[in-house]
2 protein chains.
Amino acid sequence: MTVKRSSLNEILKIAEILCNQRGVRLTVQRRKVLELVCAAEGPVGAYEILDRLRESVDNPAPPTVYRALDFLLEQGLIHKLESLHAFIGCSHPSHPHASQFLICSDCGGVSEIESSGISNSLRQAQERTGFKTKRPVVELLGTCAQCQRTAVPKE
Amino acid sequence: MTVKRSSLNEILKIAEILCNQRGVRLTVQRRKVLELVCAAEGPVGAYEILDRLRESVDNPAPPTVYRALDFLLEQGLIHKLESLHAFIGCSHPSHPHASQFLICSDCGGVSEIESSGISNSLRQAQERTGFKTKRPVVELLGTCAQCQRTAVPKE
DNA sequence: CCGATGACGGTATATTATAACATCGGGTGA
DNA sequence: TCACCCGATGTTATAATATACCGTCATCGG
Ligand SMILES: [Zn+2]
Ligand SMILES: [Zn+2]
Ligand SMILES: [Zn+2]
Ligand SMILES: [Zn+2]
């Protein structure tokens, strides 16, 4: 159910290139946090990252993590899942895009989709209303195809 | 910018009818919380509701509010704005619908829209992926038409 | 050197949400 | 009637998420 993702090294390499191009600094902590987010199977909470950070950093505090996360969000290297209070690596950070997610409540799997249909209809809604979107949040919470099949086979 | 809403009394009346039809109880607290949410100009946080509840309830605690909110959410009488950690009255609770919101970061205004285009494209994405949505979250964060006009008239 | 800037460390605290357990009151069937 | 259940509520404590604030340090351009 999770999106096919590039290897961790590949992601980090792309991140470095993007940050260089943009003239922003992918510092050690930021890189480490990105690594932790992307290495995770699914979405990870900030304090989960904080815990894992303890293995490589002396005595990390919440602001350390949140600062790194803010940076990574700004750079589009990760996304925030508002409905889960969690973060997940972007599966295609190179080009800007409206993040759209399918979030399975059964297995916890999250897949990032990029539906032009959704993007278009969102754009149309904006045109109609004159609203100018800075950050779209599209999160569908439900059950993935896999979990529907393995669901309680009662009756 | 806020959606044209029915009068408070009208909303409460509809809520009562709906709850009766469904065989669930719109108790005093639930009704009071609904009233507070719907009377607010914009989205309200749980602890904001808690504060306002002090005026009519002896010594309310967080669970009191959250329980009422949970009930109202289940009944579709209010919506939760995930990106704001806040709640807002539903502008058309009588029929089920995917909640879609335009949230202005400048004025704080929120309007609930019901775009069939968005609904359709979401449905299509589900059909393609086999995902079954229980709760869709569509929140566009940005600037409303009004605030764009009144924006800094520099240069 | 000086001042501005950006990243970071560290403490404390704010904000949002839930766990856990006691109580109460209204049906409902023995 | 009464024992029982169950949904709603009261109460205390705590979990989980997020930010304010202040000081330090390094870098860069004058
Ligand atoms: Zn992405
Ligand atoms: Zn699943
Ligand atoms: Zn609604
Ligand atoms: Zn506005």
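To find a chain, count down the sequence lines: A is the first, B the second, and so on, and within it residues start at 1.
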If you measure from [atom1] on [X] to [atom2] on [Y], what distance do you get to the nearest 0.5 Å?
X: B:K13; Y: B:L8; atom1: NZ; atom2: CG; result: 11.5 Å
X: A:C38; Y: A:N9; atom1: SG; atom2: CG; result: 11.5 Å
X: A:S111; Y: A:L140; atom1: OG; atom2: CG; result: 9.5 Å

Exercise. Show your reasoning for whether side chain to side chain contact (heavy atoms under 4.5 Å, CB included) applies to B:F71 and B:V33.
Key: CA-CA 10 Å; B:F71 171 83; B:V33 170; over 6 Å; no
Exercise. Keeping the roles fixed (side chain from B:S115, backbone from B:I118), state whether a donor-acceptor pair exists under 3.5 Å.
Key: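 Confirmed, B:S115 side chain pairs with B:I118 backbone.
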Practice problem: Say whether, by atom type as modelled, one donor and one acceptor occur between the side chain of B:E48 and the main chain of B:G45 under 3.5 angstrom. | Solution: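 Confirmed, B:E48 side chain pairs with B:G45 backbone.
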Quiz item: If you measure only the distance, is there a donor-acceptor pair under 3.5 Å linking the side chains of B:S119 and B:Q100?
Solution: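 Yes, side-chain donor-acceptor contact under 3.5 Å.
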Exercise. Might you work through the side chain to side chain contact (heavy atoms under 4.5 Å, CB included) test for A:V137 and B:F101, ending with a clear yes or no?
Key: CA-CA 10 Å; A:V137 174; B:F101 296 95; over 6 Å; no
Exercise. Could you encode protein contacts along nucleotides 25-30 of chain D as a string, one character per nucleotide from 5' to 3', using B for base contact, S for sugar-phosphate-only contact and - for no contact, with a heavy-atom cut-off of under 4.0 Å?
Key: ------
Quiz item: What is the per-nucleotide protein-contact pattern of nucleotides 8-19 of chain C, from the 5' end, where B denotes a base atom under 4.0 Å from a protein heavy atom, S denotes such proximity for sugar-phosphate atoms only, and - denotes neither?
Solution: BBBB----BBBB
Quiz item: Rounded to whole angstroms, how far apart are CG on B:L50 and C1' on D:dG10?
Solution: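 My rounded result for the distance is 13 Å.
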